[in-house]
Amino acid sequence: MAEGEAKSVDKATLEILEKAAREGIETVFDRAEKMKPCPIGAEGSCCKNCSMGPCRVPAPKKKEETAEEKAKRRGICGATAETIAARNFLRMVAAGSAAHSDHARGVAEVFLAAAKGEVPGFTIKDEQKLYQVAMDFGVEIGDRPLKEIAIEVGEKALAEFGRQEGETLFVKRAPLKRQEIWKKLGITPRGIDREVVEAMHRTHMGVDQDYKHLMEQASRCSLADGWGGSMISTELQDIMFGNPVPVYGKANLGVLKEDEVNIVVHGHEPLLPEMIVTVLETDPELQKMAKEKGAKGINLAGMCCSANEVLMRHGIPIAGNFLQQELAIVTGAVDAMVVDVQCEMQSLAQIAQCYHTKLITTSPKAKIDGAIHMEFKEHDALNSAKAIIIAAINNFPNRKKAAVHIPKDTNDMVVGFSHETINYLLGGIFRASYRPLNDNIINGRIRGIAGVVGCNNVRTCHDSAHLAMIKELIKNDVIVLTTGCAAMACGKAGLLTPEAAHKFAGEGLASVCEAVGIPPVLHMGACVDNSRILMAATAVVKEGGLGDDICDLPAAGAAPEWMSEKAIAIGQYFVASGVFTVFGTTWPVSGSEGMNKLLFEEFEETLKGKWAFEPDPIKAAHLMIEHIDKKRKALGIDKARERVLYDMEMRRELEGA
Ligand code: NFS
Ligand code: SF4
C-alpha cells in the first residue's frame, strides 16, 4: 500500500480502526506497515524445498540478460528461476485445492451420515438437486427410495477424493468442447486427493523440473478443485441446507447489536453455523436464558465465507469481510467469535483477550493458541451448537459497556443467486432458461459477463479495488457475478440491490435488471461457490448462440484484492476452463520471464484462457472489457451492440428534446 493511502474505503472499518488506535490495539493494518514483504519471495524466486537452500534467484535488475547470465542464475541443485517459480505456484494451487476439497470431504462425510439418518439435525432438504446430482454421478433413480439414492450419492461423492483412475465425475458437466481440450492436453483430473499429492510430489526437490510440465499439474489439480472439491461442497450443501433463493440481508459492522448477545460465526464450513441457526430457531429456552442475563435477545452474524453461507440460505447478516475480522472484536460487542477453518487470523486470540470476547475454535483440524476449543461433534451437532450459544450468553454480562462502540453503518442487499435461481428469475417458473440472458447478450444490452471474486489484502486499500472494478464493469454493461469477500464489499457499498442498476449500471444492463428486478451484481455465495459460476457459464454455453465452449463467451474473471492460496487455485481453474482472468495486488511469479509468458500468453493457445496481472482496477476492468469485445466480435455480435447503443442515444435525444 502506498504511503498515506487510506486503509479502507469502508467508513465503518475506518471508524473502528480509530477506536483500535485509541485503545492501543494492534491490527493487521499496523503489522502490515512494520512487516515489509520480502521482494524475492514476492516474485516467486525463493526456493526452500530442501535444506541446501533456501536459494534465491531474483529477476535481473536490468531488463536485458544474456543467455549466459540467465544460465548462471540457478539454485544450488541447478533449478532455474522458471522451475522455482512454477514449483511455488503449483504448491499454492495444491494448498488452495486442498483447503476447498478438505472442506468438501467434511461435507460429504456428514452428507452420507445424514442420508443414513445418523446425524440428527442434518437432513435432505432439496430433493430436486439430489436427483440432479444423482444423475450426474450415474446413480440409478428409478423408483428407489430417496434414502437409498442419497446414500449412494454420498458414497460416490466420498469416493471422488480417493479415486485412483478415470475422471472426476463432475467433469462431465463441462461443455463437450472443454472436455475434449482437457483430454487432448492430458489434464483431466483423476481423484481429488491424488492431484494434490502428485502436486506435492512433483515439487519435491529433484522431481519435475520443466515449468510447462509443472503447470500442467497446476491445471489438473485446480480442475480437481473447481469441478471436483468445490463443486461437491456446493452441491451437497445445497441438498442438505437448501439451494439459495433470493433473500434480503444486511452487511457491515453495524449489524452487531448493543443490547443483544452477539455471536459471530467466522470461517468457511456451514455445518456448525447451520446448526446454530436451527437451534436458535427452535429452542425458546435460549432466548429466555439471554434475557435472564440482561440481553434483549441473541443476534447471530457472520464473517468471511461462513457469513456468505448462512446469508445465502437464511438472510443472516454479515458483520464484515476478511480485513474486518479483528475489528468486529474491537467493537467490544462480540460475546463469542466462533471459528472453524481458513482465513482466521491468529491475532484474533490476542485481541479477544483485550476485550471480553470468547474466541472459540471448533474444528478438529484447527486450534488457535489462546482460544477456547469446543469441538463441533457432527453426531451430536445440535448439542454442540447449543453449548456454544450458551457460552456466548454466559459471557454477555462480562461486556465492558464503556468499551462498546458499534458503527451505524449497514447496507441492505438482495443475495442468493444460485445458477438455478438465475435460470428461474430470467425465464420464469414455467420456462426456466438462460435464453433471455443469452438473447440480451446477443442483442448487446448486456455486453458480457464478469466473475469478480476473492479476498481482501492489506497491501492494498480495503475494498477499494473491488468496488472500482465492479462499478466500471457494470457502467459498461457487463453483468457481474460475485462471491467471497468481493461480494461482501459489494453488499456494504449498496451494489447488491435492484436500485443499484439504475444508479451505477449502463443503460443496456440497467434496462435488463429493471425488467427482471435483479441487481447488476449477483451474489452467488462463498468461495467454494465459484463452482456456481462455472455452472452458470456452462448453462449459457448450452443455451446456444454464444459459441460452444466457455472460452467463446464474452466473459472474464478477476480477483483484484486476492491474498490466499485458494484464490490462486480458483484463478487457475478459471483459466483452465477457458476464462481470461485478471489478478490485482501482487503477482506471485513475476520473477520468472518464462512463467509470465506461459501464463499471460501461451496458455491462450492451449487452454484458450489466460492470466493477466493488473493492480490498477480500472485498467484491469478495461482489459476484461476489451477481451469481452474481442469475443463478441469473434461471435459476430459486435454490430448488434452498436445498434442498441445507437437506439439508446436516439431515445435519449428524443427524451431530452
Ligand atoms: Ni475466499 Fe473465503 Fe475471503 Fe479470500 Fe478468505 S474468506 S474462501 S479466501 S479472504 S475471499
Ligand atoms: Fe535450492 Fe534446489 Fe534445494 Fe530449492 S531444491 S532449495 S533450488 S537446492
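The model shown is predicted, which means the values in this text are computed figures rather than measured ones. For ligands, and for the atoms within them, numbers begin at 1 and follow the listed sequence.
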Asks: Counting only heavy atoms closer than 4.0 Å, does ligand 2 sit against the backbone of H204, its side chain, both, or neither?
Replies: neither

Asks: Only counting residues at least two apart or in another chain, list the ones meeting side chain to side chain donor-acceptor pair (under 3.5 Å) with E198.
Replies: R190, R202

Asks: Strictly by modelled atom types, are N457 and H462 linked by a side-chain donor-acceptor pair under 3.5 Å?
Replies: no

Asks: W227 and Y573: aromatic ring centres closer than 6.0 Å?
Replies: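 That pair fails the under 6.0 Å test.
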
Asks: With no hydrogens and no angle check, just 3.5 Å: does a side-chain donor-acceptor pair link H314 and E274?
Replies: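 Present: a donor and an acceptor within the cut-off.
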
Asks: Does a sphere of radius 6.0 Å around NZ in K70 hold more than 12 heavy atoms from other residues, nucleotides or ligands, not counting ones at 6.0 Å or beyond?
Replies: yes

Asks: Is I474 close to V521 at the side-chain level, that is, under 4.5 Å between some pair of heavy atoms?
Replies: yes

Asks: Going by the rule side chain to side chain contact (heavy atoms under 4.5 Å, CB included), which residues pair with A333 if we only count those two or more places apart in sequence or in a different chain?
Replies: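 In terms of side chain to side chain contact (heavy atoms under 4.5 Å, CB included), with neighbours along the sequence ignored, A333 is linked to N262, T331, R399, V404, I406.
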
Asks: Ligand 1: which residues have a non-hydrogen atom closer than 4.0 Å?
Replies: H268, C304, C305, F322, C343, G454, C455, C485, C527, M563, S564, K566

Asks: With N456 as reference, evaluate D10, D463, T13 under the side chain to side chain donor-acceptor pair (under 3.5 Å) test and give the passing residue.
Replies: D463

Asks: Looking at R56, I'd like to know if its CZ atom is crowded, meaning that more than 12 non-hydrogen atoms belonging to other residues, nucleotides or ligands lie closer than 6.0 Å.
Replies: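 Counting neighbours around CZ of R56, 12 or fewer heavy atoms of other residues, nucleotides or ligands fall under 6.0 Å, so no.
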
Asks: Should R74 be listed as contacting ligand 2, given a heavy-atom distance under 4.0 Å as the test?
Replies: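 No; R74 lies far enough from ligand 2 that no heavy-atom distance drops under 4.0 Å.
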
Asks: Do other residues, nucleotides or ligands put more than 12 heavy atoms under 6.0 Å from K36 NZ?
Replies: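 Above 12, so yes.
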
Asks: What are the protein N/O/S atoms, named by residue and atom, that sit under 2.8 Å from atom 3 (Fe) of ligand 2?
Replies: C50 SG

